[in-house]
Amino acid sequence: MRIGITGTPGTGKTTVADTLEREVISVKEFAKEKELGEEIDGIFEVDVDAVEQNLPEDCWIEGHLAHKVGADYCIVLRTRPDILEERLEKRGYSQEKVTENVEAEKMDLILSEAYENCKIYEIDTTEKSVEEVVAEIREAVKNEKSKYAVCDWSSFF
Ligand code: ADP
Ligand code: MN
């Protein structure tokens, strides 16, 4: 089974993956290493179909494209838009990129894409520690639990 950790940039995918104590493949790093994609205007565009074909059948993957590369089960990390905005600003993203990602989070964009593609388990990380999120992921995956519609960001519009 391919288990994905997806979510809008800044929701904590990489931090959580690094805390899981198991191998988690970064979709972007995997694609770059195997040259599955192309560089357009200095930005590496991942070829999701090629990544899907090249990934091992059983693995954990993380990245905002994890739900597009053949994951059977996906953890979808969420963060309240105002907190996400702070995290992305701290990361040094341009205002344009901050807005783009905050808008995507408000609209449940990744959640709805993932919902179309695989069984999902959604977690609101806003008021949780990294350790709490990791514990919830372990429990969810062990029982292949499904959960969604836990976040309501409509008050941010
Ligand atoms: P992503 O890989 O989704 O873009 P990162 O893991 O790179 O996100 O960054 C998320 C940031 O949010 C980190 O600075 C991390 O310390 C912080 N953070 C705060 N709370 C949490 C949480 N509960 N789970 C994951 N990350 C969190
Ligand atoms: Mn990341």
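Every heavy atom of this structure was used, including side-chain atoms; hydrogens, water molecules and symmetry mates were not. Sequential numbering from 1 along the given sequence is applied to the chain's residues. Each ligand, and each atom within it, is numbered from 1 in the order the structure gives.
For atom 14 (O) of ligand 1, no protein heavy-atom neighbour is present inside the 4.0 Å cut-off.
Of the N and O atoms on the side chains of E131 and T19, not one donor lies less than 3.5 Å from an acceptor on the other residue. With hydrogens and angles left out, the side-chain atoms of T11 and T79 include no donor and acceptor closer than 3.5 Å.
Within 6.0 Å of atom CD in E35, 12 or fewer heavy atoms from other residues, nucleotides or ligands are found, so the atom counts as exposed in its surroundings.
Here the side chains of Y148 and V76 are not in contact, with every heavy-atom distance at 4.5 Å or above. Looking at heavy atoms from C-beta onward, D47 lies out of side-chain contact with V51 at the 4.5 angstrom threshold. At a threshold of 4.5 Å between non-hydrogen side-chain atoms, the residues E52 and K68 do not count as touching. Using a 4.5 Å cut-off on side-chain heavy atoms (C-beta onward), E103 and K106 make contact.
With Y121 as reference, E136 is the one residue of E139, K145, E144, E136 to meet the side-chain hydrogen bond (donor to acceptor under 3.5 Å, both in side chains) rule.
Proximity annotation for atom 6 (O) of ligand 1: of T6, T15, V16, T15 comes nearest, heavy atoms only. Scanning E127, R87, K128 for the heavy atom closest to atom 11 (C) of ligand 1 points to R87. Comparing heavy-atom distances from atom 2 (O) of ligand 1 across D124, T14, L88 singles out T14 as nearest.
For atom 5 (P) of ligand 1, the nearest protein heavy atom (residue, atom name, distance) is R91 NH2, 3.2 Å. The protein heavy-atom contact nearest to atom 4 (O) of ligand 1 is G10 N, 2.8 Å. For atom 24 (N) of ligand 1, the closest non-hydrogen atom on the protein side is V130 CG2, 3.8 Å.
If you number the atoms of ligand 1 from 1 as listed, the ones under 4.0 Å from a heavy atom of K13 come out as 1 (P), 2 (O), 3 (O), 4 (O), 6 (O), 8 (O). Residue T125 has at least one heavy-atom neighbour below 4.0 Å for each of these atoms of ligand 1: 23 (N). Using a 4.0 Å cut-off to heavy atoms of P9, the atoms of ligand 1 that qualify are 4 (O). Numbered from 1 in the order shown, with element, the atoms of ligand 1 that lie under 4.0 Å from a heavy atom of T11 read 3 (O).
Residue contacts with ligand 1 include S129, since one of its heavy atoms falls under 4.0 Å from the ligand. Taking a 4.0 Å cut-off on heavy atoms, H64 fails to register as neighbouring ligand 1.
Annotation: G12 places an N or O atom under 3.5 Å from an N or O atom of ligand 1; distance criterion only. Residue-to-ligand polar distances keep E62 apart from ligand 1: every N/O pair is separated by 3.5 Å or more.
Within the coordination shell of the Mn ion (ligand 2), defined by N, O or S atoms under 2.8 Å, T14 is present.
Note that NE2 of H67 and SG of C74 are 7.0 Å apart. Values are rounded to the nearest 0.5 Å.
Cluster membership check: V141 shares its hydrophobic cluster with V134, using side-chain heavy-atom separations under 4.5 Å among Ile, Leu, Val, Met, Phe, Trp and Tyr.
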